[in-house]
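The structure under discussion appears below in the form of structure tokens.
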Amino acid sequence: MEMEKTYNHKNTEEAIYKMWEKGGFFTPKIEKSKKPFTILLPLPNANDPMHIGHALFTIQDILIRYHRMLGEPTLWLPGGDHAGIETQYVFEKHLAKEGKSRFNYDSETLYKMISSFVEENKDINKSQMKQLGFSLDWTRYRYSLEPTILETVFDTFRELYKDNLIYRNEKMVNFCPKCGTAFSDLEINHQEKEDILYYLDYGAIKIATARPETIFADAAVAVNPDDKRYKNIQNKKAVIPIINKEIPIITDKDIKVDFGTGALKVTPAHDPVDYEIGQGHNLEVIKTIDRNGRMINVPQRYLGLKILRAREAVVADLEKEGKLVKTEPLKHAVSLCYKCGSPIEPFLIPQWFVKTKALAKPAIQAVKEGKTKIVPKKRFEKMYFDWLENVLDWNISRQIVWGPRIPAWFCLDCNQNIEINFIDENGQKVFGEYKNLKEKYNFSEIEKGLQSLSAPVDAEYSLESDGCPKCRGKNVLQETDTFDTWFLSGQWPLTTLGYPNGRDFKYFYPTSVLDTMWDILFFWVARMMMLGLYRTGKVPFKTVHIHARVVDKQGKKMSKSKGNVIGPIEMAEKYGADALRMSLVFGVAPASDVVVSEDKIRAMRNFANKVWNASRFVLQRETKVKSQESRVKIEGKRSKVNEGDKWIIQEMGKTAVTVTRNLEKYRFDKAVEEIYHFFWHSFCDKYIESVKDRREDAQTVLEEVLETSLKLLHPFMPFVTEEIWGKLPKKKDTPLIISSWPSA
RNA sequence: GGGCGAUUAGCUCAAUUGGCAGAGUGUUUGGUUUACAUCCAAAAGGUUGCAGGUUCAAAUCCUGCAUCGCCCACCA
């Protein structure tokens with residue numbers, strides 16, 4: 001048997017993957033009598049090339065290959081996510097390069113443009129996963145915007161609506177003026193920031209604020225009822241500077257006496273706390289900032305200014321008027337958009353919400369009862385419970401184009417004050433309430449050029465698309481808000497398997513394992529639990545395995561700006577997919593950071609080469625063995641086997657047991673260390689060395705041990721092991737990928 | 001403000017229920033024409049962050065402190 005002196009992954013990987021794929025080994029046979037093993041791939045953004053985090057899917061491939069070798073019908077189902085805001089954000093940058101923006105297009109056109117943008121990139125992602133050897137069933141690949149998937153998603157929405165778990169409300173939501181959309185609470189980053197606290201003279205009282213530009217939206221000044229300083233002025237009026245508007249002074253027990261002057265200006269439209277106070281005191285809600293982050297309903301000279309510019313201008317004027325008492329530095333937490341980093345504005349905008357409490361309860365219960373196990377348990381179950389027990393209602397609407405529109409329709413004739421943005425036949429942008437537009441434009445022109453609509457919170461809507469159930473009119477427009485991406489991916493176990501009647505759903509649901517990183521435990525895992533239980537009454541997966549983040553050698557998160565990114569594809573090309581895969585599990589304790597460096601990948605490449613060369617030794621030696629008869633059989637003739645043979649066979653057995661046990665416990669690090677150590681230091685360094693000075697009858701033992709080692713190694717290093725397997729002297733009728741796992 | 005985790009060899013990390021502190025990598029020395037220099041043999045390298053306590057026995061359990069990291073949170 002001719003083998004090269006060093007293992008060259010470039011000569012083998014592609015052909016081997018094709019052989020597997022062609023053989024159909026990734027596609028399970030549905031056998032009623034056997035229990036399946038199923039993992040759904042956490043759907044990557046279909047538009048994204050692979051980064052090192054995706055390479056951690058290796059863990060899933062290890063589980064999948066192990067269970068496949070155990071003879072279970074094994075399904076690993078791949079998919080791609082349209083990834084709403086993520087993708088739209090990338091696409092907008094792309095547009096910006098061409099000097100365009102999202103505002104240049106009607107929503108349908110924009111949607112189609114993004115769609116084809118994603119389509120171009122989807123295949124890159126797929127081929128990269130193949131390059132890493134992932135044994136995914138590509139015949140079942142699903143994309144999150146496929147019609148059949150959306151059908152289930154819409155259906156869930158309707159069910160929730162019927163159960164009174166969907167509502168539309170004008171609540172304080174996290175709005176990013178730059179991205180132009182609201183976000184859920186999870187999509188907000190909090191950051192400590194140095195700011196300025198301005199002390200302002202409000203006539204009878206002095207207040208302190210970090211946001212002087214919002215004074216025009218003030219509805220009151222609030223003090224603590226127990227604050228002795230303000231006992232006498234509670235009936236007096238405060239006066240907003242510049243516009244000299246009188247507002248009441250009210251009391252509220254949440255006001256902190258020791259902050260600033262102990263007096264808070266209450267701005268119900270632009271601050272969540274103030275909104276609550278305002279609700280309690282029936283205060284007027286005055287909006288002075290619009291969705292683009294520009295000033296409205298303010299004195300002429302500030303109109304249209306952006307927030308920060310307005311702040312400067314207002315402060316300058318306050319100073320001129322002598323109303324700026326003093327300033328002091330302020331360290332406080334601000335909310336930032338997780339996507340673009342701009343400050344989040346709390347806005348009152350009608351949004352769609354899911355009542356989460358009712359859904360959370362069964363999701364908590366299921367984990368408490370052990371129907372779903374979280375591994376590692378200790379840390380992450382606590383995180384899971386804490387979040388679900390305190391969860392607020394979920395804002396599922398986003399004001400972006402890239403996503404499925406919420407399936408609700410507004411009748412324009414019944415809701416004439418709906419605000420509409422559209423592009424008319426002449427390409428001009430038009431904005432206004434319908435009642436003012438309908439004289440000039442006919443319905444179809446509006447519908448065709450529609451960019452977005454904004455219906456008042458009390459607008460009536462219907463889930464029927466073909467006309468208004470009330471007036472029977474046909475001038476209905478579908479909501480332009482789209483679903484939060486996680487509302488879709490939260491139903492992935494249902495949609496991909498064909499809930500409710502699909503054959504896959506009936507056979508593979510609930511799935512076996514969900515492997516993901518802790519950062520999307522709330523975003524995704526908790527939502528899948530809630531929606532899965534809601535629709536089917538069964539948990540979507542029996543085990544949640546949580547892995548950690550990939551960091552560099554210094555323990556730092558990898559990011560492009562730090563320049564410490566390790567490209568998985570680049571590394572796989574340089575050192576082989578097997579080496580990269582090994583480096584992601586070797587020495588990685590459960591849920592601890594995955595430290596990857598080129599050094600480590602190189603070390604693993606050395607191991608792959610070691611496996612190759614040990615095999616080369618065994619196989620070359622085999623050709624020297626004169627005849628089959630000269631061999632000693634292991635079975636039945638133990639007496640002729642010497643001490644060394646017995647020892648290595650025993651070690652082999654122990655290793656198989658340990659590897660298996662650790663795989664069952666999700667201790668991949670232990671499993672891989674065990675087989676690594678056995679192969680290199682017991683088999684190669686000790687046994688093979690000892691064999692060199694011996695008679696030839698060790699050949700059977702050598703081959704036997706090699707064969708078993710290849711099996712144990714295969715889930716971790718599928719390519720090199722499969723390649724060697726094909727060269728074994730005893731002709732194998734099945735490839736290694738579907739050979740049987742060594743019985744312990 | 002609340003909570004969680006970490007601190008072990010030069011570096012990155014392990015150590016199942018408390019039981020001789022181990023890997024990878026790096027360093028040093030020697031070896032190797034005969035599977036592999038992507039190799040082999042050996043060595044050096046540790047008061048397990050600090051201070052107490054429990055125990056026959058502590059990296060591990062308890063208390064306090066220090067430093068770092070993360071999550072959650074509406075603080076003007």
Side-chain angles (χ1 to χ4, degrees), chain A residues 3-8 172 174 185-186 188-190 195 197-199 207-212 214 221-222 254-256 259-267 270-277 330-335 344 346 378-380 382-383 386-387 390-392 518-519 521-522 548-549 551-557 575-576 579 582-583 586-621 658 661-662 665 667 669-670 672-674 676-677 680-681 684-686 688-689 691-692 702:
Chain A
M3 286 171 81
E4 281 184 56
K5 204 171 165 184
T6 53
Y7 171 61
N8 188 352
M172 272 289 165
N174 309 298
D185 296 329
L186 285 173
I188 302 309
N189 290 329
H190 298 276
D195 244 321
L197 186 64
Y198 302 88
Y199 286 75
I207 60 99
T209 181
R211 301 202 55 186
T214 63
V221 170
D254 289 334
I255 305 300
K256 290 195 176 113
F259 187 94
T261 64
L264 169 75
K265 72 182 201 62
V266 184
T267 318
H270 297 295
D271 186 282
V273 178
D274 294 12
Y275 180 71
E276 291 300 315
I277 297 174
L330 171 70
K331 206 174 178 183
H332 66 157
V334 293
S335 302
I344 287 293
K378 203 176 126 214
R379 207 181 331 160
F380 295 108
K382 192 173 155 42
M383 255 172 88
D386 282 353
W387 188 74
N390 300 306
V391 70
L392 298 173
W518 45 259
D519 65 341
L521 186 62
F522 307 143
R549 189 171 44 180
V551 297
D552 73 3
K553 226 176 157 180
Q554 273 72 45
K556 297 270 189 297
K557 185 181 171 180
Y575 297 107
M582 283 290 281
S583 73
F586 197 94
V588 178
S592 68
D593 285 347
V594 182
V595 185
V596 182
S597 62
E598 194 162 341
D599 287 347
K600 189 171 173 187
I601 300 170
R602 193 183 303 118
M604 294 301 130
R605 187 271 319 262
N606 294 354
F607 180 60
N609 187 57
K610 189 71 183 175
V611 174
W612 176 263
N613 266 291
S615 309
R616 181 164 174 250
F617 173 82
V618 172
L619 299 183
Q620 286 180 344
R621 193 172 183 283
T658 320
R661 199 192 306 142
N662 281 305
K665 289 195 295 190
R667 290 306 304 263
D669 56 326
K670 296 263 199 180
V672 82
E673 195 181 319
E674 199 69 32
Y676 176 99
H677 189 270
W680 199 315
H681 301 298
C684 294
D685 293 349
K686 299 223 171 66
I688 288 185
E689 288 306 316
V691 159
K692 284 182 181 171
L702 282 172

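In the text below, chain A, chain B and the rest are named by the order of the sequence lines, each starting its count at 1.
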If pairing requires Watson-Crick or G-U wobble contacts with both distances under 3.5 Å, which nucleotide is the partner of [N]?
{"N": "B/U27", "result": "B/A43"}
{"N": "B/G52", "result": "B/C62"}
{"N": "B/G5", "result": "B/C68"}

Need one value for [X]: base, sugar-phosphate or nothing, where a base atom within 4.0 Å counts as base even if backbone is also close, heavy atoms only.
{"X": "A/Ala589", "answer": "sugar-phosphate"}
{"X": "A/Glu276", "answer": "nothing"}
{"X": "A/Ser615", "answer": "nothing"}
{"X": "A/Asp274", "answer": "nothing"}
{"X": "A/Gly587", "answer": "sugar-phosphate"}
{"X": "A/Ile688", "answer": "base"}

To the nearest Å, how far apart are A/Met172 CE and B/C75 P?
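Whole-Å distance recorded here is 14 Å.
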So A/Met582 and A/Val672, do their side chains get closer than 4.5 Å, heavy atoms only?
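Yes - at least one pair of side-chain heavy atoms lies under 4.5 Å apart.
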Locate the shortest heavy-atom distance separating A/Thr261 from A/Ala208; write the atom from each residue and the value.
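Smallest interatomic distance, heavy atoms only, reads OG1-N, 4.1 Å.
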I need the minimum non-hydrogen distance between A/Tyr198 and A/Ala210, along with the two atoms involved.
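Distance-wise, the nearest heavy atoms are CE1-O, 4.2 Å.
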Please enumerate all residues that pass ring pair (Phe, Tyr, Trp, His ring centres under 6.0 Å) together with A/Tyr676, with sequence neighbours excluded.
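Here the qualifying residues are A/Phe586, A/Phe607, A/Trp680.
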With sequence neighbours left out, write down each residue that passes ring pair (Phe, Tyr, Trp, His ring centres under 6.0 Å) with A/Tyr7, or none if nothing qualifies.
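In terms of ring pair (Phe, Tyr, Trp, His ring centres under 6.0 Å), with neighbours along the sequence ignored, A/Tyr7 is linked to A/Trp612.
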With the side chain of [X] defined as its heavy atoms from C-beta on, choose the nearest nucleotide among [options].
{"X": "A/Asp685", "options": "B/A35, B/C13, B/C40", "answer": "B/C40"}
{"X": "A/Arg605", "options": "B/U38, B/U12, B/G3", "answer": "B/U38"}
{"X": "A/Phe522", "options": "B/A15, B/C72, B/C74", "answer": "B/C72"}
{"X": "A/Ala333", "options": "B/C70, B/C75, B/C13", "answer": "B/C75"}

Base of B/A35, side chain of A/Glu4 - is there a donor-acceptor contact under 3.5 Å?
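Not at all, since no donor on one side and acceptor on the other fall under 3.5 Å apart.
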Hey, does the side-chain of A/Lys5 have a donor or acceptor N/O within less than 3.5 Å of a partner on the base of B/A35?
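In this structure, the two groups form no donor-acceptor pair.
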Sorted by first residue and then second, give each side chain to side chain donor-acceptor pair (under 3.5 Å) pair with at least one member in residues 588-597 of chain A; sequence neighbours left out.
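Those involving residues 588-597 of chain A do not exist here.
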Between A/Lys610 and B/C40, is there a contact of a side-chain N or O with OP1 or OP2 at under 4.0 Å?
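It does, given that an N or O in the side chain of A/Lys610 lies less than 4.0 Å from OP1 or OP2 of B/C40.
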Please check the phosphate of B/C75 (OP1 and OP2 only) for any side-chain N or O of A/Arg211 closer than 4.0 Å.
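For A/Arg211, the contact criterion (side-chain N or O under 4.0 Å from OP1 or OP2 of B/C75) is not met.
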Map A/His190 and A/Leu330 onto RNA chain B by nearest heavy atom, then report which one ends up closer to the 5' terminus.
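Looking at RNA chain B, the more 5' nearest nucleotide goes with A/His190.
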Between A/Asp669 and A/Leu197, name the one whose nearest nucleotide on RNA chain B is closer to the 5' end.
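Here A/Asp669 is the residue nearer the 5' end.
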B/S/- along nucleotides 19-25 of chain B (protein heavy atoms under 4.0 Å) is ----SSS
Partners of A/Asn390 by side-chain hydrogen bond (donor to acceptor under 3.5 Å, both in side chains), sequence neighbours excluded?
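Not a single residue meets the side-chain hydrogen bond (donor to acceptor under 3.5 Å, both in side chains) criterion with A/Asn390.
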Applying side-chain hydrogen bond (donor to acceptor under 3.5 Å, both in side chains), can you list everything that pairs with A/His681, at least two apart in sequence or on another chain?
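Listed in chain order: A/Asp685.
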With P as the reference atom in both, quote the distance from B/G49 to B/A21 in angstrom, rounded to an integer.
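The same atom, P, in both gives a distance of 15 Å.
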